[in-house]
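The residues of the chain are indexed from 1 along the displayed sequence.
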Amino acid sequence: QVQLVESGGGLVQTGGSLRLSCAASGRTFGSLRPAWFRQAPGKEREFVAGFRWSDGSTYYADSVKGRFTISRDNAKNTVYLQMDSLKPEDTAVYYCAARNYGSVSMSSREYDYWGQGTQVTVSS
């Protein structure tokens, strides 16, 4: 059974930075397709960042492109989300997700495993 555990959320001021971590157990991220999603109050869960399976390149939602960076450390079986130049509209619960097959998908329905989420709050 795959378990994903996020950490690193918190409260930060506008323009600040945070780094989220997602540690996997039960499977290696090398055999999974990991991604980050977020969900703000009253809104649907939305895709943030992921990896293309074909070449491992990164893929981002337009709203975070140029500010967020997804990366992975296979030795630690951990995926990261570096978030810079944070804005109040980035406030949400951030979730780590992974799917067994296929390349990166922006649809949350395509993912098989989810972490419990970590709260990120950006104050203005």
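- R33 places a side-chain N or O within donor-acceptor distance of the main-chain N or O of N100, the cut-off being under 3.5 Å.
- Aromatic rings from F68 and W36 are positioned such that their centres are separated by 6.0 Å or more.
- Between Y94 and D90 the shortest heavy-atom distance is OH-O, 2.6 Å.
- Taking the ring centroids of F47 and Y60, they lie at or beyond the 6.0 Å cut-off.
- The closest donor-acceptor contact from the side chain of E6 to the backbone of L20 lies at 3.5 Å or more, if one exists at all.
- In this structure, the side chain of D73 engages the main chain of K76 through a donor-acceptor pair within 3.5 Å.
- Among residues at least two apart or in separate chains, side chain to side chain donor-acceptor pair (under 3.5 Å) pairs with a member in residues 9-18 are S17-D84.
- Using modelled atom types, no side-chain atom of Y111 and backbone atom of P34 make a donor-acceptor pair closer than 3.5 Å.
- In this structure, CE in M83 is found 12.0 Å from CD1 in I70, a value given to the nearest 0.5 Å.
- Atom CZ of R67 and atom OG1 of T69 lie 11.0 Å apart (nearest 0.5 Å).
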For this session: Could you walk me through whether L18 and L86 pass side-chain contact (heavy atoms from CB on, under 4.5 Å), step by step?
Result: CA-CA 8 Å; L18 282 174; L86 282 161; 4.3 Å; yes

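- In plain terms, the two heavy atoms of A92 and A40 that are nearest each other are CB-N, 3.8 Å.
- W53 does not carry R99 over the face of its six-membered ring by the limits of under 6.0 Å from the centre and within 45° of the normal.
- Residues S123 and L11 share a closest heavy-atom pair of CB-CD1, 4.3 Å.
- Listed here is the closest heavy atom pair of R72 and L32: NH2-O, 4.0 Å.
- When all heavy atoms of N77 and F29 are compared, the closest pair comes out as OD1-N, 2.7 Å.
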For this session: Evaluate side-chain contact (heavy atoms from CB on, under 4.5 Å) for F51 paired with V79, printing each intermediate quantity in order.
Result: CA-CA 11 Å; F51 297 95; V79 173; 4.2 Å; yes

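- Following chains of ILVMFWY side-chain contacts shorter than 4.5 Å, one cannot reach V93 starting from V12, and the two form parts of different hydrophobic clusters.
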For this session: For side-chain contact (heavy atoms from CB on, under 4.5 Å), just list the numbers for Q3 and W114, CA-CA rounded to whole Å, side-chain angles, deciding distance to a tenth of an Å, and then say yes or no.
Result: CA-CA 8 Å; Q3 289 191 321; W114 292 88; over 6 Å; no

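- For S7, the side chain to side chain contact (heavy atoms under 4.5 Å, CB included) criterion is met by S21, not counting sequence neighbours.
- Between D55 and R52, no side-chain nitrogen of the basic residue sits less than 4.0 Å from a carboxylate oxygen of the acidic one, so the salt-bridge criterion is not met.
- Y80 carries R19 over the face of its six-membered ring, with the cationic atom under 6.0 Å from the centre and within 45° of the normal.
- Taking each heavy atom of V48 and V64 in turn, the nearest pair found is O-CG2, 3.6 Å.
- No side-chain donor-acceptor contact under 3.5 Å links E110 and S108.
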Exercise. Going through the distances and angles, do E46 and Q39 end up as a side-chain contact (heavy atoms from CB on, under 4.5 Å)?
Worked result: CA-CA 6 Å; E46 65 174 359; Q39 188 166 19; over 6 Å; no

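- Remark: Q119 CD to T91 OG1 distance equals 7.5 Å, nearest 0.5 Å.
- By the 6.0 Å and 45° rule, R38 does not stack over the aromatic ring of Y95.
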